[in-house]
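These notes are about the structure you will find just below.
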2 protein chains.
Amino acid sequence: MTDLHLGPVRLAQLGAYIREQRESAQYSLRQLASVSGVSNPYLSQIERGLRKPSADVLQQLAKALQISAETLYVRAGLLDGEQGAAAEDGDERRGAEQPAERTGVLAAIAADPHLTPRQKNALREIYLSLRGQEGND
Amino acid sequence: MTDLHLGPVRLAQLGAYIREQRESAQYSLRQLASVSGVSNPYLSQIERGLRKPSADVLQQLAKALQISAETLYVRAGLLDGEQGAAAEDGDERRGAEQPAERTGVLAAIAADPHLTPRQKNALREIYLSLRGQEGND
DNA sequence: CGGAGGTGCTTGCTTTTGCAAGCGCGCTTG
DNA sequence: CAAGCGCGCTTGCAAAAGCAAGCACCTCCG
């Protein structure tokens with residue numbers, strides 16, 4: 001019963017998220033499979049929550065979908081697994097402050113001259129994921 | 001020839017790093033195996049660069065060694081693979097600007113009331129990894 | 001209506017991951 | 001000296017990951 005093991009519900013949620021992102025990007029399953037290098041039957045299984053993809057596969061999908069790998073890792077419980085696990089436990093602390101955009105961290109990330117835009121996006125998504133999980137289900 | 005595939009050299013480096021951390025923590029191989037939940041023969045193979053561990057295993061090791069999983073993920077090429085690959089080129093610019101601690105991002109992370117200490121550490125390490133790697137180009 | 005093309009999925013297989021059982025070695029103790 | 005213990009490692013195996021081949025279905029076009 002560790003936070004390292006993704007339950008079937010979490011797997012299904014990860015898969016649904018990936019499908020969501022794919023549809024937002026207006027890719028068919030085969031198209032995303034081709035762009036990402038993951039086989040289409042396996043991608044189908046992932047999206048349906050039947051298989052647990054490795055971090056390598058998540059990285060490939062993230063690249064193809066032009067989202068940060070960290071976003072998928074958080075969803076897969078590979079980053080901040082405890083928070084992820086806590087979130088799964090139905091933590092009721094919903095009231096994450098919306099004004100997250102006003103916090104110093106986001107402003108500082110945006111203003112940082114040493115990061116590329118890509119790095120800023122990755123860091124922002126990680127930060128928002130951390131913020132969101134602390135306050136979400 | 002993508003950055004997603006860990007070459008044998010990188011695997012050996014990852015393993016050496018894990019062994020280094022283990023020795024710093026003054027664990028024997030069997031002790032770390034026991035604490036982390038990874039079998040001792042498998043840990044031996046990982047440290048010798050013979051096997052490529054999954055993110056789950058890296059997470060278990062990171063927890064047992066009390067380092068952030070992100071640190072191992074970067075080393076394993078699972079985070080910021082491009083920069084990680086660049087780092088492998090043996091760039092000697094280790095001395096990333098120390099004054100990074102003065103930048104708004106680190107200060108903002110430290111001051112952020114919504115993140116747990118653990119989350120702050122994770123975000124800091126990611127940021128510093130990004131900073132350090134950006135400096136390599 | 002039939003054919004072509006695209007879709008998502010099923011199945012059986014290969015490769016990879018991760019471990020249990022056990023090995024050889026060196027050190028300590030009686 | 002022999003036994004016991006801890007060490008790191010080898011080997012063979014089971015489970016899981018990931019894919020190729022092929023299926024059924026749907027839509028569109030001639």
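- Judged by a 6.0 Å distance limit and a 45° cone about the ring axis, R22(A) is not positioned over the six-membered ring of Y27(A).
- Side-chain N/O atoms of N40(A) and base N/O atoms of dC9(C) include a donor-acceptor pair closer than 3.5 Å.
- Between Y42(B) atom OH and dC13(D) atom C1' the separation is 15 Å, expressed in whole Å.
- dG8(D) atom C1' lies 12 Å from atom CG of L50(B), rounded to whole Å.
- If S44(B) and A55(A) are placed on DNA chain D by their nearest nucleotide, the residue sitting closer to the 5' end is S44(B).
- One can place CG of L43(B) at 16 Å from C1' of dA20(C), the figure rounded to the nearest angstrom.
- No side-chain donor-acceptor contact under 3.5 Å links R30(A) and S34(A).
- Taking side-chain N and O atoms only, S28(A) has a distance below 4.0 Å to OP1 or OP2 of dT7(C).
- Close to dC7(D), at under 4.0 Å from its OP1 or OP2, lies no side-chain N or O of R22(B).
- Protein atom CD of E23(A) is 13 Å distant from nucleotide atom P of dT7(C), rounded to whole Å.
- Following rounding to the nearest Å, Q45(B) (CD) and dC23(C) (P) show an atom-to-atom distance of 18 Å.
- A distance-only check finds a donor-acceptor pair linking the side chain of Q59(B) to the backbone of G77(A) [under 3.5 Å].
- In this structure, the nucleotide among dT7(C), dT10(D), dC9(C) sitting nearest to the side chain of P41(B) is dT10(D).
- Between K52(A) and D56(B), some side-chain heavy-atom pair lies under the 4.5 Å cut-off.
- Within the structure, a side-chain polar atom (N or O) of R48(B) is placed less than 4.0 Å from OP1 or OP2 of dC9(D).
- Distance CD1 (I46(A)) to C1' (dG8(C)): 14 Å, rounded to an integer number of Å.
- A sub-4.0 Å separation between OP1 or OP2 of dG18(D) and a side-chain N or O of S54(A) is present.
- Within 4.0 Å (heavy atoms only), E47(A) reaches no atom of the nucleic acid at all.
- Listed nucleotides dC7(D), dG8(D), dT7(C) differ in distance to Q31(A); the shortest reach to its side chain belongs to dT7(C).
- Contact annotation: the side chain of L50(B) never approaches that of S44(B) to less than 4.5 Å [non-hydrogen atoms, C-beta and beyond].
- Taking every side-chain heavy atom of R30(B) into account, dC23(C) is the closest of dA17(D), dC23(C), dA20(D).
- Separating the CG atom of L32(A) from the P atom of dG8(C) is a distance of 10 Å, rounded to the nearest angstrom.
- Distance, D56(A) CG to dT16(C) C1': 11 Å, rounded to whole Å.
- OP1 or OP2 of dT15(C) has not a single side-chain nitrogen or oxygen of R51(B) nearer than 4.0 Å.
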